[in-house]
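In what follows, residues are counted from 1 in the order of the sequence shown.
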Amino acid sequence: MRRFGSGDISIPFAVGTSVWAVLATSSGETLLRMNPVTLTVTGQLQVGGGSFQSAANRDNHLSIAGGALWVAGGDRLVRVSLKTMKATRVVTLPGAFTSAIAGNADGSLLIVSEANSGGLGSLQRRDPVSGALLASHQVIGVTAPALGGVIDSGAWMAEPTGMMGYVERVSTATLAAVPGTSVAGSNGIDVALADGVIWVSQQDGGPGDNYCANPVTGRVLAPIPLPGRELDSPIAFTRQYVYYGANASDGCYLRRLAVPAACRA
């Protein structure tokens, strides 16, 4: 366990022999490099100025693309050297209050989402080396869409809209929605790419709301057999296990269950 004080920590991102995360506080966003066993901080770099004051744990703020680590820090993108942990390029996102980022497996694609404080923003495809804008498609919701991952010619996103939310696949070329892939849900609906399949989950959702699916079509492969049904919420996915938060009368717990056979790509 590692205590960081006030603020919010992003989804951890493992690269090489370190774990990386973004810590967001009222004074700004800081990139942390940590020992994966002890979680001791081995390096840090200021990457944002405080326009984004919550590193929501449902969003991806880190990705490898073009041979470096890219960080989405609210109103800016920062390219960071993995060797020196120094910023080698800063790209501004004018007017952005929230942002997220995702890349493909070989680091040749960089997809960014951004939105202002009212939720108006865009999905963007950017050059993985320079960060230059290559394509853009407008979106509107509550925050910048959460990016679950990029696979083949599509990226999966989740967007809360205020009363409801949705998950859908977008083309990496046009950034427009791929017909037939949209799934409606609550504001808490989320999507993650792990081990060749996508995982759709919803906070306080039952078996029909939590499942693995084909990464291209979104077709359901199998439900996640959460024992507590709406009391359990999936948090992370590996090839072997689904990790989920469980609530009980004596507190909350982190538990795991075996990945259903149909979910193994």
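You'll find the side chain of Arg89 reaches within 4.5 Å of the side chain of Trp70, heavy atoms only. Residues Val71 and Val80 form a side-chain contact, since some pair of their non-hydrogen atoms from C-beta on lies under 4.5 Å apart. With a 4.5 Å cut-off on side-chain heavy atoms, Pro227 and Asp232 count as touching. Side-chain contact between Leu82 and Ile64 is present, with at least one heavy-atom pair separated by less than 4.5 Å. For the pair Val112/Leu123, no side-chain contact is recorded, criterion being any heavy-atom separation below 4.5 Å from C-beta on. Residues Leu221 and Val197 are in side-chain contact: their nearest non-hydrogen atoms beyond the backbone lie under 4.5 Å apart. A heavy-atom distance below 4.5 Å is not found between the side chains of Arg76 and Leu93. Leu110 has its side chain out of reach of Asn104: every pair of non-hydrogen atoms, C-beta onward, lies at least 4.5 Å apart.
Counting all heavy atoms, side chain and backbone alike, Val78 lies closest to Ala87 at CG1-CB, 3.7 Å. Nearest approach of Met34 to Ala21, heavy atoms of both residues: CE-CB, 3.9 Å. Closest heavy-atom contact between Glu159 and Thr143: OE1-O, 3.0 Å. The shortest non-hydrogen separation linking Ala65 to Arg79 is O-NH1, 3.8 Å. Nearest heavy atoms, Val19 versus Pro12: CG1-CB, 3.8 Å. The heavy-atom pair separating Met85 from Leu32 by the smallest distance is CE-C, 4.3 Å.
Put simply, Ile11 and Ile101 are part of two different groups of oily side chains (I, L, V, M, F, W, Y) that touch within less than 4.5 Å, one to the next. Placement of Val142 and Val139 in two distinct hydrophobic clusters is found when ILVMFWY residues are connected by side-chain heavy-atom separations under 4.5 Å, directly or transitively. A continuous path of ILVMFWY side-chain contacts below 4.5 Å connects Val220 to Val191, so both sit in one hydrophobic cluster. Residues Leu31 and Phe13 fall within the same hydrophobic cluster, defined by Ile, Leu, Val, Met, Phe, Trp and Tyr side chains chained together at heavy-atom separations under 4.5 Å.
Distance alone, capped at 3.5 Å, is enough to place a donor-acceptor pair between the Ser63 side chain and the Gly103 backbone. Between the side chain of Asn60 and the main chain of Leu62, no donor-acceptor pair closer than 3.5 Å is present. Distance alone, capped at 3.5 Å, is enough to place a donor-acceptor pair between the Asn187 side chain and the Thr161 backbone. Proximity of a side-chain donor or acceptor of Ser99 to a complementary backbone N or O of Glu114 within less than 3.5 Å is not detected. With hydrogens and angles disregarded, no donor-acceptor distance shorter than 3.5 Å links the side chain of Gln202 to the backbone of Gly185.
Sorted by first then second residue, the ring-ring contact (aromatic ring centres under 6.0 Å, His included) pairs that include residues 147-205, not counting sequence neighbours, are Trp199-Phe237. Sorted by first and then second residue, the pairs that involve residues 124-134 and meet side-chain hydrogen bond (donor to acceptor under 3.5 Å, both in side chains), not counting sequence neighbours, are Ser122-Gln124, Gln124-Arg126, Asp127-Ser130.
Remark: Arg255 fails to qualify as a cation-pi partner of Tyr244 under the 6.0 Å distance and 45° angle criteria applied to the six-membered ring.
Residues Arg33 and Thr42 bring a donor and an acceptor atom of their side chains to less than 3.5 Å of each other. For the residue pair Thr181 / Glu168, no side-chain donor-acceptor distance below 3.5 Å is found, with atom types taken as modelled.
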| Run the side chain to side chain donor-acceptor pair (under 3.5 Å) check on Thr30 and Gln46 step by step: do they pass? | CA-CA 4 Å; Thr30 303; Gln46 193 78 11; 3.1 Å; yes
| query | Step by step, would you call Tyr211 with Ile198 a side chain to side chain contact (heavy atoms under 4.5 Å, CB included)? | reply | CA-CA 8 Å; Tyr211 56 87; Ile198 61 165; over 6 Å; no
| query | Could you go step by step and tell me if Ile189 and Val200 meet the side chain to side chain contact (heavy atoms under 4.5 Å, CB included) rule? | reply | CA-CA 7 Å; Ile189 194 169; Val200 175; 4.2 Å; yes
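Taking CG from Leu69 and CH2 from Trp20, the interatomic distance works out to 6.0 Å, rounded to the nearest 0.5 Å. Between the OG1 atom in Thr172 and the CG atom in Leu134 there is a gap of 11.5 Å [rounded to 0.5 Å]. Remark: His61 NE2 to Ser10 OG distance equals 6.0 Å, nearest 0.5 Å. Of the inter-residue distances, the one linking Thr84 atom OG1 with Leu45 atom CG reads 9.0 Å to the nearest 0.5 angstrom. In this structure, OG on Ser201 lies 9.5 Å from CD1 on Ile235, to the nearest 0.5 angstrom. A distance of 13.5 Å separates CZ in Arg169 from CE in Met157, rounded to the nearest 0.5 Å.
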I'd like a table of donor-acceptor pairs (distance under 3.5 Å, sequence neighbours excluded) in which one partner is a side-chain atom from residues 144-155, with atom names and distances.
none

